[in-house]
Amino acid sequence: MRFIHFIPILLLTSCYNTTRNCKDYKTGKFYSEVIINNELFKSEFKRTEDLQIEVYDGITDSSQLRWINDCEVIFKTINPKNMAEKKDIHLKILTTTDSSYTYEYSYVGETRKQKGVAYKIN
């Protein structure tokens, strides 16, 4: 009898689909917001199919991109200045809207992930 009570919950949750139009965000100009340790970090970046140029706090950083699929990409810093910058970053787009996407990212091979939101400027 308990099983019957779970059927409506199962039906409601199985109908929920998140929108992921990732192709809309593979190129363009964006700004991003990430909260790390209760502190908001903002940056702007321009992305082509294989390159991303990001400006954060007046510092420009460039990365080569390798798309795994339409929603996942690996970033490799072009001119790393320290050991942390030598680590590749894996980013996965989780959801999209008409003007933004929510993503999670981590260093390749690490399980600790951070989340952020990027907004399309153009």
Side-chain angles (χ1 to χ4, degrees):
M1 201 61 167
R2 289 183 185 173
F3 179 70
I4 292 174
H5 296 294
F6 291 113
I7 291 176
I9 294 171
L10 180 63
L11 290 174
L12 288 174
T13 58
S14 65
C15 293
Y16 178 75
N17 285 331
T18 58
T19 303
R20 285 188 6 157
N21 296 320
C22 301
K23 286 184 180 181
D24 296 344
Y25 298 100
K26 287 181 89 170
T27 62
K29 189 172 182 181
F30 307 87
Y31 79 90
S32 178
E33 296 180 346
V34 177
I35 297 175
I36 301 173
N37 297 328
N38 294 324
E39 187 176 349
L40 179 64
F41 294 90
K42 294 182 180 182
S43 67
E44 287 192 14
F45 57 96
K46 185 175 181 180
R47 182 185 296 151
T48 65
E49 283 282 333
D50 56 358
L51 182 68
Q52 179 167 301
I53 301 169
E54 183 171 11
V55 178
Y56 169 74
D57 205 20
I59 299 169
T60 302
D61 195 13
S62 301
S63 298
Q64 292 177 330
L65 306 181
R66 182 174 53 86
W67 289 91
I68 299 168
N69 57 49
D70 287 337
C71 296
E72 295 181 69
V73 62
I74 302 292
F75 294 89
K76 182 174 189 70
T77 303
I78 292 176
N79 292 312
K81 295 169 187 62
N82 55 49
M83 290 302 288
E85 290 182 1
K86 288 184 180 183
K87 295 181 181 180
D88 293 349
I89 294 174
H90 176 248
L91 180 137
K92 181 178 182 180
I93 297 174
L94 302 174
T95 61
T96 63
T97 69
D98 60 340
S99 61
S100 69
Y101 65 90
T102 302
Y103 61 91
E104 68 179 14
Y105 68 96
S106 66
Y107 288 116
V108 171
E110 293 187 12
T111 57
R112 183 170 181 241
K113 299 184 184 320
Q114 298 285 341
K115 287 190 179 179
V117 179
Y119 302 90
K120 196 156 194 174
I121 295 174
N122 59 351

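Note that this is a predicted model, so its numbers are computed, not measured. All heavy atoms count here, side chains included; hydrogens, waters and symmetry mates do not. We number each residue from 1, following the sequence as shown.
- Between Tyr31 and Glu44, the closest heavy-atom pair is CB-CG, 3.8 Å.
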List the atom pairs, donor and acceptor, that lie under 3.5 Å between side-chain atoms in residues 52-66 and the rest of the protein, sequence neighbours left out.
{"residue": "Gln52", "atom": "OE1", "partner": "Arg47", "partner atom": "NE", "Å": "2.9"}
{"residue": "Gln52", "atom": "OE1", "partner": "Arg47", "partner atom": "NH2", "Å": "3.1"}
{"residue": "Glu54", "atom": "OE2", "partner": "Ser43", "partner atom": "OG", "Å": "2.6"}

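- Put simply, OG1 on Thr27 and NZ on Lys46 are 10.0 Å apart, with the number rounded to the nearest 0.5 Å.
- Expressed to the nearest 0.5 Å, how far NZ of Lys26 lies from CG of Asp70 amounts to 4.5 Å.
- Within the model, atoms NZ of Lys92 and CD1 of Ile68 stand 10.0 Å from one another, a figure rounded to the nearest 0.5 Å.
- Looking at every heavy atom in both residues, Val117 comes nearest to Thr102 through CG2-OG1, 4.1 Å.
- Residues Phe75 and Val73 approach most closely at CE1-CG1, 3.5 Å, considering heavy atoms.
- Side-chain atoms of Glu110 never come within 3.5 Å of backbone atoms of Ser106 as a donor-acceptor pair (strictly under, hydrogens ignored).
- Here Asn79 contributes atom CG and Lys86 contributes atom NZ; the two are 11.5 Å apart, rounded to the nearest 0.5 Å.
- Rounding to the nearest 0.5 Å gives a distance of 12.0 Å between CG of Leu91 and CD of Gln114.
- Residues Gly28 and Lys120 approach most closely at CA-CE, 4.3 Å, considering heavy atoms.
- When all heavy atoms are compared, the tightest approach of Ser32 to Phe45 is CB-CE2, 3.7 Å.
- Not a single side-chain hydrogen bond (donor to acceptor under 3.5 Å, both in side chains) links Thr77 to another residue, sequence neighbours left out.
- Taken from CD1 in Ile74 to CG in Asp88, the straight-line distance is 6.5 Å, to the nearest 0.5 Å.
- Ring planes of Tyr25 and Tyr101: tilted class, angle from 30 to 60°.
- Checking side-chain atoms of Asn82 against main-chain N and O of Ala84 turns up a donor-acceptor pair under 3.5 Å.
- Considering every non-hydrogen atom in both Tyr119 and Ser100, the closest pair reads CD2-CB, 3.6 Å.
- Note on Ile36 and Tyr103: same hydrophobic cluster, where clusters join Ile, Leu, Val, Met, Phe, Trp and Tyr whose side-chain heavy atoms are under 4.5 Å apart, directly or indirectly.
- Tyr107 and Ile93 fall within the same hydrophobic cluster, where Ile, Leu, Val, Met, Phe, Trp and Tyr residues are linked whenever their side-chain heavy atoms come under 4.5 Å apart, directly or through other members.
- The 12-atom threshold is not exceeded at NZ of Lys42, counting heavy atoms of other residues, nucleotides or ligands nearer than 6.0 Å.
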